[in-house]
Amino acid sequence: MSLGRTLAAAPAAALGTLGRAVIRALGAAGRLTLFALAAVSHILRPPLYPREFFMALLHIGWLSLPVVGMTALFTGGALALQIYSGGARFNAEAVVPQIVAIGMVRELGPVLVGLMIAARVTSSIAAEIATMKVTEQIDALVTLSTDPMKYLVAPRLLAALLTVPLLVAVGDVIGIAGGYAVATSALGFNPIGYLANTLDFLEPLDVLSSLAKGCAFGGIAALMGCYCGMHSGRGAQGVGRATKSSVEAAAILILAANFLLTGVFFSA
């Protein structure tokens with residue numbers, strides 16, 4: 001009899017666990033949505049703190065150029081090698097310039113830049129803001145009648161929305177240049193013909209989608225860093241968990257957003 005009751009209660013316990021997980025996920029999604037709306041509203045309303053904004057521009061944009069450039073360069077070169085190797089099986093080696101261009105601009109450029117920004121910038125923002133919370137610097141801002149959302153979140157979000165599309169554009173160009181360098185030096189492609197095929201194959205929609213993805217990914221990276229930092233726990237462990245959670249959430253949301261935006265721009 002006891003065994004029968006235990007077996008009968010097992011599905012109910014499993015459903016209860018699943019229900020609690022769904023409720024927690026929906027609650028987190030709701031809090032994040034309200035946080036994002038508040039951050040956007042603070043961008044649209046004065047005052048703007050110029051020093052914080054330009055420091056965020058420097059940190060997110062300029063200082064991210066080396067890692068973005070190196071990532072794009074090696075990715076473009078590896079992509080050219082892979083396409084040439086795969087195309088050789090079907091006597092289609094000539095498609096290397098076209099596929100490198102569309103692969104970098106539509107997909108690899110924005111996604112890789114977004115993930116690099118999540119690794120470098122999101123973690124930095126989360127650790128910085130979480131440390132400020134732990135050391136009660138955010139409470140000090142409130143005491144001085146300074147809104148933390150206006151002072152900490154809005155400048156970083158605005159800087160990310162402006163600079164990450166530019167980083168994506170730079171990454172696209174460097175990635176195509178990496179494919180060009182490999183194709184012309186190691187695979188025997190004519191330099192002028194390679195560039196002509198690349199330019200003829202790209203369309204304005206490809207570039208527009210790449211920049212739109214960069215804007216979305218930059219917003220996600222900055223928002224997750226600020227959100228996890230503002231909601232971090234106390235102590236060093238809280239700062240560590242906030243930093244780890246921010247990068248994980250930003251990476252997952254960037255990949256999900258990439259799927260949705262690809263469907264919006266290129267759905268049949």
Side-chain angles (χ1 to χ4, degrees), residues 25 28-29 31-33 35-36 39-40 43 52-53 55-76 78 103-133 152-172 174-175 209-233 238-262:
R31 289 189 295 272
L32 178 58
T33 300
F35 184 88
V40 172
I43 289 177
E52 291 296 315
F53 173 66
M55 289 296 294
L57 280 179
L58 177 66
H59 177 63
I60 298 173
W62 179 254
L63 296 180
S64 297
L65 275 175
V67 66
V68 167
M70 295 299 291
T71 300
L73 181 66
F74 289 121
T75 300
M104 286 302 305
V105 174
R106 283 191 181 185
E107 192 68 23
L108 289 176
V111 171
L112 288 176
V113 171
L115 293 177
M116 289 299 102
I117 293 298
R120 183 185 179 279
V121 174
T122 303
S123 58
S124 174
I125 292 175
E128 181 182 357
I129 295 180
T131 302
M132 292 180 69
K133 181 178 179 181
L152 298 176
V153 178
R156 289 165 172 79
L157 177 58
L158 180 58
L161 291 173
L162 294 176
T163 57
V164 176
L166 298 178
L167 289 173
V168 168
V170 172
D172 292 344
I174 294 177
S209 69
S210 186
L211 297 179
K213 286 182 177 182
C215 185
F217 299 165
I220 289 172
L223 275 176
M224 294 314 304
C226 294
Y227 177 81
C228 292
M230 296 286 282
H231 294 83
S232 69
V239 174
R241 282 194 295 268
T243 305
K244 179 184 70 174
S245 299
S246 68
V247 175
E248 292 173 347
I252 292 171
L253 289 176
I254 284 171
L255 294 175
N258 177 64
F259 172 76
L260 294 176
L261 289 173
T262 300

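Along the sequence shown, the residues carry numbers beginning at 1.
Residues A242 and S232 approach most closely at CB-CB, 3.5 Å, considering heavy atoms. Considering every non-hydrogen atom in both I254 and A118, the closest pair reads CD1-CB, 4.1 Å. Contact detail for G61 and L167: the closest heavy-atom pair is O-CD2, 3.6 Å. Residues L161 and C215 share a closest heavy-atom pair of CD2-O, 3.4 Å. Residues F217 and A257 share a closest heavy-atom pair of CE2-CB, 3.9 Å. Across L211 and P165, no two heavy atoms sit closer than the pair CD2-O, 3.5 Å.
A search for side-chain hydrogen bond (donor to acceptor under 3.5 Å, both in side chains) contacts involving S210 returns D172, not counting sequence neighbours. Every residue two or more places apart in sequence or in another chain that forms a salt bridge (Lys or Arg N to Asp or Glu O under 4.0 Å) with R106 is listed here: D206. Applying the side-chain hydrogen bond (donor to acceptor under 3.5 Å, both in side chains) test to H231 and every residue at least two apart in sequence or in another chain returns nothing. S124 is linked by a side-chain hydrogen bond (donor to acceptor under 3.5 Å, both in side chains) to H59, counting only residues two or more places apart in sequence or in another chain.
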Are I174 and V170 close enough, and set up right, to give a side-chain contact (heavy atoms from CB on, under 4.5 Å), and what steps lead you there? CA-CA 6 Å; I174 294 177; V170 172; 3.6 Å; yes
Mind running side-chain contact (heavy atoms from CB on, under 4.5 Å) on C226 and L157 for me, showing each step along the way? CA-CA 9 Å; C226 294; L157 177 58; 6.0 Å; no
Check against side-chain contact (heavy atoms from CB on, under 4.5 Å), M224 and L32: CA-CA 9 Å; M224 294 314 304; L32 178 58; 3.8 Å; yes
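For residues 210-226, the salt bridge (Lys or Arg N to Asp or Glu O under 4.0 Å) pairs, not counting sequence neighbours, are E107-K213. Within the structure, salt bridge (Lys or Arg N to Asp or Glu O under 4.0 Å) pairs that include any residue of residues 116-126 do not occur (at least two apart or interchain).
Within the 3.5 Å criterion, the main-chain N or O of T243 finds no donor-acceptor partner in the side chain of S123.
Atom CD1 of I129 is separated from atom OH of Y227 by 13.5 Å, given to the nearest 0.5 angstrom. Atom CG of L260 sits about 11.0 Å away from atom CG of L255, to the nearest 0.5 Å. Remark: L166 CG to L57 CG distance equals 9.5 Å, nearest 0.5 Å. Rounding to the nearest 0.5 Å gives a distance of 11.5 Å between CE of M116 and OG1 of T122.
The pair E128-K133 does not count as a salt bridge, with every side-chain nitrogen at least 4.0 angstrom from each carboxylate oxygen.
When each of I117, T163, L58, V113 is tested with S64 by the rule side chain to side chain contact (heavy atoms under 4.5 Å, CB included), just one qualifies, namely I117. With respect to R156, the side chain to side chain contact (heavy atoms under 4.5 Å, CB included) criterion is satisfied by exactly one of L152, V153, L158: L152. Among V68, V168, T71, the one residue that satisfies the side chain to side chain contact (heavy atoms under 4.5 Å, CB included) test with L112 is T71.
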